[in-house]
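Notes to accompany the following structure.
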Amino acid sequence: RRLFVTSALLGALSATEVCAQDFSGSDGDEARVLFSYTFPPRIESYNLGSQQWETPRTVSGPPRAVAVDGTRAFVGTAERVLIIDLQTGAETAGPAVPNLLTLDVIGERLFVSA
């Protein structure tokens, strides 16, 4: 029985490791920390003020890079940059950026490197 339990436990750990591989990136500021995942494509944010996780949001494609400025999330996919209002959930399609590498918010400007 111990061997079976050990095998089941190791199987569960292996499944957890596979699930964790979908993490693609994170960014943070004074208000939030934003995490992105590729499968299924989604973002999750943690509100530092209320110390609570906010509702996960699906995005139209696997994130390659993310940035956050407190109220907006910027999610770079293979096709374009998505701008998501974290309070209302409204999503706006931003510019197309082929070969996206990073997104950075400095002040009120979004910097994109490709």
Contacts of type side chain to side chain contact (heavy atoms under 4.5 Å, CB included), residue T88, not counting sequence neighbours: D85, A90

Measure across A93 and R80 and return the closest heavy-atom pair with its distance rounded to 0.1 Å. CB-CD, 3.6 Å

Using a 3.5 Å cut-off and no angle test, enumerate the donor-acceptor pairs between side-chain atoms of residues 66-76 and protein atoms at least two apart in sequence or in another chain.
from	atom 1	to	atom 2	distance (Å)
D69	OD1	T71	N	3.4
D69	OD1	R72	N	2.9
D69	OD2	R72	NE	3.0
D69	OD2	R72	NH2	2.5

Is there a chain of hydrophobic side chains (I, L, V, M, F, W, Y, each step under 4.5 Å between heavy atoms) that links L103 to V97? yes

So E30 and L48, do their side chains get closer than 4.5 Å, heavy atoms only? no

Stepwise, does the side-chain contact (heavy atoms from CB on, under 4.5 Å) test hold for I43 with I84? CA-CA 10 Å; I43 59 170; I84 302 169; 3.9 Å; yes

With sequence neighbours left out, write down each residue that passes side chain to side chain contact (heavy atoms under 4.5 Å, CB included) with S50, or none if nothing qualifies. N47, Q52

R64: what forms a side chain to side chain donor-acceptor pair (under 3.5 Å) with it, not counting sequence neighbours? none

side-chain contact (heavy atoms from CB on, under 4.5 Å) between S60 and L82, intermediate numbers included: CA-CA 9 Å; S60 58; L82 304 172; 3.5 Å; yes

Residues which pass side chain to side chain contact (heavy atoms under 4.5 Å, CB included) with E79, listed by chain and number, not counting sequence neighbours: T77

Qualifying residues under side chain to side chain donor-acceptor pair (under 3.5 Å), relative to D104, sequence neighbours excluded: none

Hey, quick one: are Y37 and V59 part of the same hydrophobic cluster, counting side-chain heavy atoms closer than 4.5 Å, chains of contacts allowed? no

For residues 47-56, which residue pairs pass the salt bridge (charged side-chain N to carboxylate O under 4.0 Å, His left out) check, not counting sequence neighbours? R32-E54

Using every non-hydrogen atom in the two residues, find where S36 and S24 come nearest and quote the distance to one decimal. OG-OG, 2.7 Å

Partners of E44 by salt bridge (Lys or Arg N to Asp or Glu O under 4.0 Å), sequence neighbours excluded? R42

Side chains of residues 105-114: which donor-acceptor pairs under 3.5 Å do they make with residues two or more places apart or in other chains?
from	atom 1	to	atom 2	distance (Å)
S113	OG	T102	N	3.3
S113	OG	T102	OG1	2.4

What's the shortest heavy-atom distance between L86 and S45, and which atoms? CD2-OG, 4.4 Å

Who are the side chain to side chain donor-acceptor pair (under 3.5 Å) partners of S26, not counting sequence neighbours? none

Listing request: all ring-ring contact (aromatic ring centres under 6.0 Å, His included) pairs with a residue in residues 44-63, at least two apart in sequence or in separate chains. F35-W53, Y46-W53

